[in-house]
Amino acid sequence: MGSSSSSYAPKAIYLDVEGKMQKVVFSRHCSPCDIKELLCSSSNIPRNAAIMLVDPEGALVSIDPTMPTNSPNSLYKVIPLSTCQVEEKEEALQNVLSQVAEQFSRAFHINELKTEVTNRLAMLEKKVEMEGLKVVEIEKCKNDLKKLRDEITSRGGSRVNCLCNGTKVTPRRDVPSYPKYTLSQETVEALKKPTFDVWFWEHNEMLSCLEYMYHDLGLVKEFNMNPITLKRWLLAIQENYRNNPFHNFRHCFCVSQMMYGMIHLCNLQEKLTLTDMGILMTAAVCHDLDHPGYNNTYQINARTELAVRYNDISPLENHHCAVAFQILSLPECNIFANVEPHAFKHIRQAIITLILATDMARHGEILESFMQKVDNFDFSNHEHVACLKMVLIKCCDISNEVRPTEVAEPWVDCLLEEYFMQSDREKSEGLPVAPFMDRDKVTKPTAQIGFIKFVLIPMFETVMKLFPQIEELMVQPLRDSRDHYEELKQIDDAMTEGSLFVLKFSKDFKKGE
């Protein structure tokens with residue numbers, strides 16, 4: 001979250017590196033390990049080396065965010081420890097750890113407790129699997145888990161974090177835990193285009209691509225982000241997208257890459273501020289966080305916890321916003337930690353506005369507002385720019401059909417799979433089922449034709465009035481996609497008519513016999 005400048009101001013120390021002064025700047029929220037890596041890099045020492053920091057009198061200085069600052073006239077020096085010293089320290093540390101582990105084991109019977117916890121959890125998992133998803137049984141299991149957590153706490157065990165009761169979201173992995181990829185020039189150029197093949201990349205590679213986008217757009221410098229904090233934030237984002245068929249981390253990357261591509265294609269760097277671009281990118285990254293795989297209609301009809309919490313008003317989009325800022329509330333994941341409070345308040349409100357704009361129930365309202373402004377659009381008008389940003393994130397959110405057919409069509413299969421999961425559940429719970437989600441009524445061509453003709457093409461053609469350069473790379477592919485699905489529908493209709501003719505002929509033939 002935003003904070004005072006005194007709390008988050010970066011800290012600087014000065015080093016003597018081979019007779020030359022080297023200034024090192026770091027955030028007060030850096031861990032000792034982060035600071036050690038910075039000191040090693042600044043002193044041309046391998047990052048994994050063991051080091052100590054001394055002042056001009058040779059006294060040791062602790063390596064942590066609270067270390068005393070010095071001046072250019074009183075330089076610190078980084079000294080690598082010899083292998084022998086390191087081994088002696090490691091041996092001593094191992095002895096201490098062994099003694100502590102033995103004492104804990106005796107005091108709390110950890111092994112027995114672990115076995116008991118494992119057995120209890122296995123029993124609960126088996127119960128959930130056998131008895132299905134009945135609400136009463138789920139609540140019973142939650143109560144059992146709560147009792148188990150309380151028992152572990154009372155017996156001195158580790159605290160158990162759980163997301164089901166509103167506990168803060170935390171990243172499950174620490175940095176560095178995804179490899180650092182060096183993107184080729186070919187990949188760098190491809191990232192800027194709507195034709196980018198999002199199916200080609202693993203999760204770690206997508207994380208590296210997102211990290212590159214923030215650096216390339218100048219957002220890391222503009223918001224004074226700690227690069228390591230950016231890594232932690234992206235990891236936390238990935239961990240908090242569920243493994244749904246459609247609304248998953250790859251969809252998040254897909255939308256974010258399209259936003260990055262539109263920024264370049266429409267030359268938005270020349271028309272919007274860096275703050276605006278940071279808002280656009282961050283909203284795209286966060287726009288579907290923790291999506292459960294069931295849309296707002298289901299949430300409202302089923303009277304879920306989210307629908308009750310948000311009074312049936314964009315329950316999913318409100319939840320995505322809440323999770324996004326829950327992650328940013330963690331100091332180790334707060335990429336806006338060095339932003340002034342009043343600036344952060346503006347950034348937060350703008351991100352919330354964009355994520356809420358992705359609710360398709362508001363599509364007509366937002367597009368109509370933009371159409372009224374586009375012919376006399378003024379980039380110096382705050383209201384005009386705010387409306388444009390809402391339309392941009394909407395374009396990116398539903399932009400799959402802009403991509404080449406071999407990239408776009410698998411997304412249709414993923415979306416239909418998620419729709420069918422919802423409609424099957426709605427049928428089993430006696431809830432209304434939308435025809436476009438019913439596996440017995442919808443086909444791929446019928447699902448896409450109306451959406452492309454009446455939603456996608458009108459919106460992108462309106463944006464084209466402001467940015468004519470998108471016609472070739474974005475609008476024309478939509479027209480081609482519409483024609484492709486209309487041809488498929490004609491084939492399906494012809495096959496259906498042929499089947500009916502054969503069936504009628506067969507009945508008439510039997511009657512003639």
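For the single chain, residues carry numbers from 1 onward in sequence order.
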| Asp288 and Asp397: CA distance, side-chain angles, deciding distance, side-chain contact (heavy atoms from CB on, under 4.5 Å) verdict | CA-CA 10 Å; Asp288 269 333; Asp397 187 25; 4.2 Å; yes
| Note: Asp483-Arg479 ion pair, threshold 4.0 Å (strictly below) | no
| Close side-chain approach of Thr297 and Met437, heavy atoms under 4.5 Å | no
| Is a side-chain N or O of Asn301 found less than 3.5 angstrom from the main chain of Leu431, in a donor-acceptor match? | no
| field | Donor-acceptor contact below 3.5 Å, side chain Glu418 vs main chain His247 | value | yes
| Check: Thr353 side chain, Gln349 main-chain N or O, donor-acceptor pair, under 3.5 Å | yes
| message | So Met258 and Met474, do their side chains get closer than 4.5 Å, heavy atoms only? | response | yes
| query | Do the side chains of Leu388 and Phe370 get nearer than 4.5 Å, heavy atoms only? | reply | yes
| task | Grab the two heavy atoms, one from Cys30 and one from Pro65, that are nearest each other, plus how far apart they are. | result | O-CG, 2.8 Å
| query | Do any N or O atoms from the side chain of Asn296 and from the backbone of Leu316 form a donor-acceptor pair under 3.5 angstrom? | reply | yes
| From CA spacing to verdict: side-chain contact (heavy atoms from CB on, under 4.5 Å), Met225, Thr229 | CA-CA 7 Å; Met225 294 180 190; Thr229 302; over 6 Å; no
| Below 4.0 angstrom, N of the basic side chain to O of the carboxylate: do Glu305 and Arg309 qualify? | yes
| query | Does some side-chain heavy atom of Tyr294 sit less than 4.5 Å from a side-chain heavy atom of Thr304? | reply | no
| Nearest heavy-atom neighbours spanning Leu473 and Val402 | O-CG1, 3.7 Å
| query | Is Glu406 atom CD crowded by more than 12 heavy atoms from other residues, nucleotides or ligands, each under 6.0 Å away? | reply | yes
| Residues, nucleotides or ligands: over 12 heavy atoms within 6.0 Å of Phe200 CZ | no
| message | Which label fits His251 and Trp411: parallel for a plane angle under 30°, tilted from 30 to 60°, or perpendicular past 60°? | response | perpendicular
| CG/Leu235 to CG/Asn240 distance, rounded to the nearest 0.5 angstrom? | 11.0 Å
| task | For the pair Glu222 and Tyr214, evaluate side-chain contact (heavy atoms from CB on, under 4.5 Å) and give the outcome as yes or no after the intermediate values. | result | CA-CA 10 Å; Glu222 173 68 13; Tyr214 270 74; over 6 Å; no
| query | Below 4.5 Å, heavy atoms only, C-beta onward: do Leu354 and His287 meet side chain to side chain? | reply | no
| Interatomic distance, Cys396 atom SG to Met281 atom CE [nearest 0.5 angstrom] | 9.0 Å
| request: Answer yes or no: is there a side-chain heavy-atom contact under 4.5 Å between Lys427 and Asp438? | output: yes
| Are any non-hydrogen side-chain atoms of Cys209 and Leu191 less than 4.5 angstrom apart? | yes
| task | Would you indicate whether Asp440, at its atom CG, is surrounded by more than 12 heavy atoms from other residues, nucleotides or ligands within a distance under 6.0 Å? | result | yes
| Under 30°, 30 to 60°, or over 60°: which ring-plane class applies to His291 and His320, parallel, tilted or perpendicular? | parallel
| said: What's the separation between atom OG1 in Thr405 and atom CG in Asp480, rounded to the nearest 0.5 Å? | reply: 8.0 Å
| According to the interplanar angle, ranging from 0 to 90°, do the rings of Tyr260 and Tyr212 count as parallel (below 30°), tilted (30 to 60°) or perpendicular (above 60°)? | perpendicular
| Is the number of heavy atoms from other residues, nucleotides or ligands within 6.0 Å of CZ (Arg242) greater than 12? | yes
| Is there a donor-acceptor contact under 3.5 Å from the side chain of Asn244 to the main chain of Phe246? | no
| field | Pair Gln490-Glu486, side-chain donor/acceptor within less than 3.5 Å | value | no
| Could you give the distance from NE2 (His346) to CD1 (Ile351), rounded to the nearest 0.5 Å? | 9.5 Å
| Closest heavy-atom pair and its distance - Ala324, Leu289 | CA-CD1, 3.5 Å
| request: Could you walk me through whether Arg425 and Glu429 pass salt bridge (Lys or Arg N to Asp or Glu O under 4.0 Å), step by step? | output: CA-CA 6 Å; Arg425 183 166 181 173; Glu429 295 177 0; 3.0 Å; yes
| query | Any sub-3.5 Å donor-acceptor pair from Gln257's side-chain atoms to Lys193's backbone N or O? | reply | yes
| said: For Val442, is there any backbone N or O sitting under 3.5 Å from a side-chain donor or acceptor partner on Thr446? | reply: no
| note | Interatomic distance, CZ@Arg482 vs CZ@Phe454, rounded to 0.5 Å, equals 10.0 Å
| query | How far apart are the C-alpha atoms of Ile398 and Met459, what are their side-chain angles, what is the distance that settles it, and do they pass the side-chain contact (heavy atoms from CB on, under 4.5 Å) test? | reply | CA-CA 11 Å; Ile398 55 177; Met459 181 167 66; 3.6 Å; yes
| field | Step-by-step side chain to side chain donor-acceptor pair (under 3.5 Å) determination, Lys373 to Ser369 | value | CA-CA 7 Å; Lys373 299 174 177 63; Ser369 175; 2.8 Å; yes
| request: Check Leu306 against Pro315 and note the closest heavy-atom contact, atom names and distance. | output: O-CB, 3.7 Å
| field | Which atom of Trp233 lies closest to which atom of Cys286, heavy atoms considered | value | CZ2-SG, 3.9 Å
| task | Give the intermediate values and the outcome of salt bridge (Lys or Arg N to Asp or Glu O under 4.0 Å) for residues Lys271 and Asp276. | result | CA-CA 10 Å; Lys271 298 176 175 65; Asp276 284 329; over 6 Å; no
| query | Does a side-chain N-to-carboxylate-O contact under 4.0 Å join Asp34 and Arg232? | reply | yes
| field | Heavy-atom closest pair, residues Arg439 and Ser423 | value | N-OG, 4.3 Å
| message | As an exercise, state the distance from CZ of Phe253 to CG of Leu207, rounded to the nearest 0.5 Å. | response | 9.5 Å
| said: Using a 3.5 Å distance criterion without hydrogens, assess whether the side chain of Arg403 forms a donor-acceptor pair with backbone atoms of Phe196. | reply: yes
| message | Are the side chains of Leu488 and Lys444 in contact, using a 4.5 Å heavy-atom criterion? | response | no
